[in-house]
Amino acid sequence: MTTTAVHGYPRIGPDRELKKASEAYWAGRIGAADLDAAAARLRRGVWETLRDAGVTAVCSNTFSYYDHVLDHAVLFDLVPERFRPLVDAAGDRDAELRAYFAMARGTDHLAPMEMTKWFDTNYHYLVPELSPATRPRLAGRKPLAEYTQARGLGIPTRPVLVGPLTLLLLAKPAPGAPAGWRPLELLDELVECYAELLGLLRAAGAASVQLDEPVLATDEGRAETAALERAYTRLGGLAKRPGLVVSTYFGAVGPAVLEALKRTPVEAVGLDLVSGPESVEDLARVSGLGGKTLVAGVVDGRNVWRCDLPRALAALGSLLGLAREVEVSTSCSLLHVPIDLAAEPGLDPALRERLAFARQKVDEVVLLGRALSEGDSEAAARLEAARAPRPAPAVDARVRARLDALGESAERAGEQRRGAPGREPLLPTTTIGSFPQTPEVRRARADHRAGRIDDAEYTRLMRAEIDRVIALQEDIGLDVLVHGEPERNDMVQYFAERLDGFATTTNGWVQSYGSRCVRPPILHGDVARPAPMTVGWTTYAQSRTAKPVKGMLTGPVTMLAWSFVRDDQPLGDTARQVALALRDEIADLERAGIRHIQVDEAALRELLPLREERRADYLAWAVGAFRLATSGVAAGTRIHTHMCYSEFGRIVGAIEALDADVTSVEAARSHMELVGDLAAAGYRRGIGPGVYDIHSPRVPSVEEIEAALRAALRAVPPERLWVNPDCGLKTRSYAEVEPSLRNMVAAARRVRADLAGTASGAAG
């Protein structure tokens, strides 16, 4: 019988139980024992779901209270020095959890660990901070505890670990580490910790362990074949260990990596055949895996489209001669898709026919495994029935004709021809867009959606909230205001609900980071804008103040990155359709008198291909889509954009090419890293580095923000520097936001006064 596996499963629970329990713990409404009990129930539910579906290799250690990379940093004592007192003093479970969440979220006195995107996904991980003084050791037992829990339920599992190469290549040198030192220098010490853990798992009864090495799909990972081979030769050579599955995903790893893995004594290699279909040719090039098992990722773990089962089965059949045996699997963890399509009865039936969420993808894996086994006539019949074509996406001939007429040359007025800068003071202060969404705001939206209040009452309530947000910003002293976005549930979903070609879900939650969950829309057909989406709210806000108010839009690349996107045409074509809809919205905002318009491209770096050879094509269409969206504005309109929580240093040229007047970026957790990258590359437009981290509940002091501004001024001239938080404020409370913004404005005024004094002195 062909074996089957999934790389991981959503951990938030079908009703976001993890989010609710975690936030209750942070608020002090439940204790550590209650939180642990909720987690145990969620893990049990996942294991039983996979077992009952017929998966033969049920995964464990894929649960996390916040992030699986942070879990491994704690597991191997890779703790930043500033948190060492908390960790060392943890004498009970509650203290352990407080230290763990402090690293993720910070405290009143400690900044959290840096957070960035997990490869090219919208999941965020915490970045380990390492130095030559770091001494890895096995400091925890989480994988062992979860394996033991599952075994106690009668479910043998395959524990999943982040592999040592990925863990170290994703880490960064801690502040103060010697120049040129790399975390990979800790590989041999860390591998010994893995060896100890593998011994414990084998003693507990684990037959196999999966070590995830997605970094091997990147140029950086591919370059480290010697380190890879050294690590897995050591682990594979252990006298007493489980079977080892080295799993790669998010792209092909190439012949050199396959050759290196082939030479090691590991039992199995996992390949993503969805993101990296060329791996089939690479396998043939290296004459297969010999006596190893191939874990074939043929069911897409990152998108929601139904698997083409007959095609997948044919691909599996072609692999049978390239390995000792083939195990059927997902391409990657199902962490990135919603849990169950059955929770979405309201979706259009024709669209539902095209979809599969995590639970349905598990069934696809099991069915393919059964069909690959000889003599399973029922599975063969079900696969034959799957040959029926899925419904085609809707086509909008008018949209396609407009894009053809515009061609590729739609451009904004050149920088040198634009109007003079606005009347903002030196170091103008602003925010990224959203303000805290109070229970009253959320309730008003829910009541309107359910029909408990009519349009007139809803408009009254939203306008009252806008009045409050505008008044607060004026009182704080911000220079460029926002309307606060009380009407928006999410920066992508809000627009998806108002654009043709998108569908939204009711319960299609996916974890983004920690307790933050989103419902990515499903982009299933041609995109068009039936009516203005933001103009009424923005113009109302502008009518309540003499200060400029920014119009707030989500850019075309981010709309794609944070949606499940149709797979029947190139992404660039779909991006241009979204850009055309935004272009119309921008024109309406401008006609209404809005002179600052922010088109957020928070995900520009996120979609960047993992391989250098594919990046130029992506950046060409991504930049082109942004410029198409903003191409119709007059010279006097200032275009802003925003980017956050990604390594943007690699795409500085593309940021410049967007041709935005002001770019605000996440910078607090990354210590102004991108500001230096932009300056070194000669970036010459406005830049707003985030001066405080909104993903932490802590309130930064005036002095802390002032220090960040002065650091930014070492790389950016004051006439181009804007002052803003890292990101939108939607998820924070007013108790945190108001003092933080007041401190931000106070810090800007201090630095502004010093700059004015310096200028006066120079003039004198």
Side-chain angles (χ1 to χ4, degrees), residues 1-9 47-59 155-158 208 210 245 247-249 267-281 283-284 288-289 291-334 337 340-342 352-391 567:
M1 177 69 72
T2 300
T3 57
T4 53
V6 297
H7 285 299
Y9 200 77
W47 297 328
E48 291 178 343
T49 293
L50 297 178
R51 178 200 61 190
D52 295 347
V55 173
T56 53
V58 174
C59 54
I155 306 174
T157 61
R158 176 185 289 172
S208 64
Q210 176 180 314
V245 181
S247 183
T248 71
Y249 43 86
E267 281 71 26
V269 175
L271 298 178
D272 179 345
L273 301 178
V274 177
S275 296
E278 62 269 36
S279 292
V280 177
E281 294 180 5
L283 279 169
L289 293 176
K292 301 185 192 308
T293 295
L294 169 62
V295 182
V298 293
V299 173
D300 192 347
R302 290 182 57 178
N303 214 331
V304 294
W305 306 111
R306 196 178 73 197
C307 181
D308 185 337
L309 294 172
R311 183 178 178 182
L313 184 61
L316 290 166
S318 72
L319 297 169
L320 291 175
L322 296 173
R324 181 177 64 85
E325 63 177 324
V326 173
E327 180 175 274
V328 183
S329 184
T330 52
S331 64
C332 63
S333 172
L334 297 175
V337 295
D340 196 346
L341 186 59
R352 283 177 61 87
E353 282 295 310
R354 299 166 58 192
L355 302 177
F357 291 179
R359 182 62 189 82
Q360 289 70 46
K361 290 177 183 293
V362 170
D363 288 341
E364 291 177 335
V365 167
V366 172
L367 179 59
L368 287 167
R370 290 177 56 191
L372 200 61
S373 303
E374 293 184 8
D376 196 325
S377 57
E378 179 189 345
R382 290 176 62 189
L383 276 167
E384 186 62 32
R387 292 186 187 278
R390 67 191 189 194
D567 58 357

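What you are looking at is a predicted structure, and each value in this text was computed from that prediction instead of being measured. All residue numbers refer to positions in the sequence shown, counting from 1.
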Practice problem: Would you check, one step at a time, whether the test side chain to side chain contact (heavy atoms under 4.5 Å, CB included) holds for V328 with T2? | Solution: CA-CA 7 Å; V328 183; T2 300; 3.9 Å; yes
Exercise. Would you please test Q210 and R158 for side chain to side chain contact (heavy atoms under 4.5 Å, CB included) and show each step?
Key: CA-CA 7 Å; Q210 176 180 314; R158 176 185 289 172; 3.9 Å; yes
Exercise. Decide side chain to side chain contact (heavy atoms under 4.5 Å, CB included) for W47 and V58; before the verdict, give the C-alpha distance in whole Å, the side-chain angles of both, and the deciding distance to 0.1 Å.
Key: CA-CA 7 Å; W47 297 328; V58 174; 3.9 Å; yes
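Residues T49 and V362 are not in side-chain contact: their nearest non-hydrogen atoms beyond the backbone lie 4.5 Å or more apart. Side-chain contact between C59 and L50 is present, with at least one heavy-atom pair separated by less than 4.5 Å. Side-chain contact between V298 and V274 is absent, with no heavy atoms from C-beta onward closer than 4.5 Å. In this structure, I155 and E48 have side chains that are in contact, with non-hydrogen atoms separated by less than 4.5 Å. Residues W305 and D567 are in side-chain contact: their nearest non-hydrogen atoms beyond the backbone lie under 4.5 Å apart. At a threshold of 4.5 Å between non-hydrogen side-chain atoms, the residues L341 and R352 count as touching. Side-chain contact between N303 and V337 is absent, with no heavy atoms from C-beta onward closer than 4.5 Å. For the pair E267 and V245, the minimum side-chain heavy-atom distance is 4.5 Å or more.
Atom CG of residue L289 and atom CD of residue E325 lie 11.5 Å apart, to the nearest 0.5 angstrom. Taking CG from L283 and CD from E278, the interatomic distance works out to 11.0 Å, rounded to the nearest 0.5 Å. With values rounded to the nearest 0.5 angstrom, S275 atom OG is found 11.5 Å from Y249 atom OH. For the atom pair CG of D363 and CG of L309, the computed distance is 10.5 Å after rounding to the nearest 0.5 Å.
Using modelled atom types and a 3.5 Å distance limit, the side chains of E327 and T3 yield a donor-acceptor pair.
Heavy-atom contacts from other residues, nucleotides or ligands closer than 6.0 Å to CD of E353 number 12 or fewer.
One finds no salt bridge joining E364 and R370 here, because no Lys/Arg side-chain nitrogen approaches an Asp/Glu carboxylate oxygen to under 4.0 Å.
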